[in-house]
Amino acid sequence: MLLDLLTKKTIKVNVNANDWEDAIRRGGELLKSTGIIGQNYIEAMVNNMKTLGPYIVIAPGIAMPHARPETDVKGLGLSLITLKHPIIFGNKDNDPVKLVFCLAASKESVHIEAIAELVSLLSNTKKIKQIELSNDVDTVLKIITDSNSPML
């Protein structure tokens with residue numbers, strides 16, 4: 001399922017973002033451009049961070065912005081941006097953030113399989129490091145899809 005969600009259209013590498021809000025917006029724009037979400041969902045992801053804090057920074061260097069499924073979501077989607085320069089989100093344990101995975105799901109339970117696959121990827125620290133260092137989308141996709149991709 002992860003391979004169906006993360007595609008050339010939903011991944012962007014070496015993104016210059018000014019701050020955490022800009023990073024969330026840029027990741028959200030990738031989902032918006034595919035028709036999975038509307039602008040209201042991007043605003044909801046930003047507002048979640050503003051009101052609930054940096055709980056979206058789920059692991060060292062990794063953020064996963066998301067919002068409620070009823071907020072302008074038309075299906076299941078996941079985007080990934082790698083940041084050219086790490087950004088402080090305000091999570092003392094896991095900052096600075098280098099990877100931003102924006103998640104959108106039209107129903108609460110639909111995303112469970114995708115999350116399970118994403119957790120498996122995120123637990124592979126060598127692959128995460130490779131993704132952080134990648135300079136093109138094709139390389140990122142190869143790292144994600146190839147169980148035998150070279151490790152650092």
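Residue numbers start at 1 and run along the sequence shown. Given the structure is predicted, the values throughout are model-derived calculations rather than measurements.
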All salt bridge (charged side-chain N to carboxylate O under 4.0 Å, His left out) counterparts of K9, not counting sequence neighbours: none
Which residues share a side chain to side chain donor-acceptor pair (under 3.5 Å) with T139, sequence neighbours left out: D136
Inter-residue atom distance M45.CE - I24.CD1, 0.5 Å rounding: 7.0 Å
Aromatic ring proximity H66/Y41, centre distance under 6.0 Å: no
Side chains of V97 and W20 in contact at under 4.5 Å (non-hydrogen atoms): no
Single-linkage hydrophobic cluster L103~L121, side-chain heavy atoms < 4.5 angstrom: yes
Co-membership, hydrophobic cluster, residues V100 and L141, 4.5 Å side-chain: no
Shared hydrophobic cluster, V119 / L5 (ILVMFWY, side-chain heavy atoms < 4.5 Å): yes
Side chain to side chain donor-acceptor pair (under 3.5 Å) contacts touching residues 79-89 (sequence neighbours left out): none
Single-linkage hydrophobic cluster, 4.5 Å side-chain cutoff, F101 and I42 together: no
Contacts of D138 that satisfy side chain to side chain donor-acceptor pair (under 3.5 Å) - sequence neighbours left out: K8
Sub-4.5 Å side-chain heavy-atom contact between M49 and P54: yes
Rounded distance (nearest 0.5 Å) linking atom OG1 of T10 with atom CD1 of I81: 12.0 Å
Non-hydrogen atoms of G28 and C102 that approach each other most closely: N-SG, 3.7 Å
Carboxylate-amine/guanidinium contact E21 R25, below 4.0 Å: yes
Flag side-chain contact, heavy atom, 4.5 Å: I87 against F89: yes
CG on L76 to CG on L31, rounded to 0.5 Å: 9.5 Å
Full working for side-chain contact (heavy atoms from CB on, under 4.5 Å) between D72 and I37: CA-CA 6 Å; D72 209 7; I37 65 168; 5.8 Å; no
Beyond-backbone contact of N94 with I62, side-chain heavy atoms, under 4.5 angstrom: no
Closest non-hydrogen atom pair between N91 and V57, with its separation: ND2-O, 3.4 Å
Gap between atom CD1 of I11 and atom CG of L80 - 0.5 Å precision: 5.5 Å
Partners passing side chain to side chain donor-acceptor pair (under 3.5 Å) against N47 (at least two apart in sequence or in another chain): none
Common cluster, M64/V73, ILVMFWY with side-chain heavy-atom separation under 4.5 Å: no
Among I36, T7, L6, L30, the one residue meeting side chain to side chain contact (heavy atoms under 4.5 Å, CB included) with L78: L6
From NZ (K126) to CD1 (I131), nearest 0.5 Å: 15.0 Å
For N14 against S134, the heavy-atom pair lying closest together: ND2-O, 4.0 Å
Under the side chain to side chain donor-acceptor pair (under 3.5 Å) test, residues paired with E132 that sit two or more places apart: none
NZ-CG distance between K98 and L133, expressed to the nearest 0.5 angstrom: 8.5 Å
Test side-chain contact (heavy atoms from CB on, under 4.5 Å) applied to L122 and I58, step by step: CA-CA 10 Å; L122 298 180; I58 60 171; 3.7 Å; yes
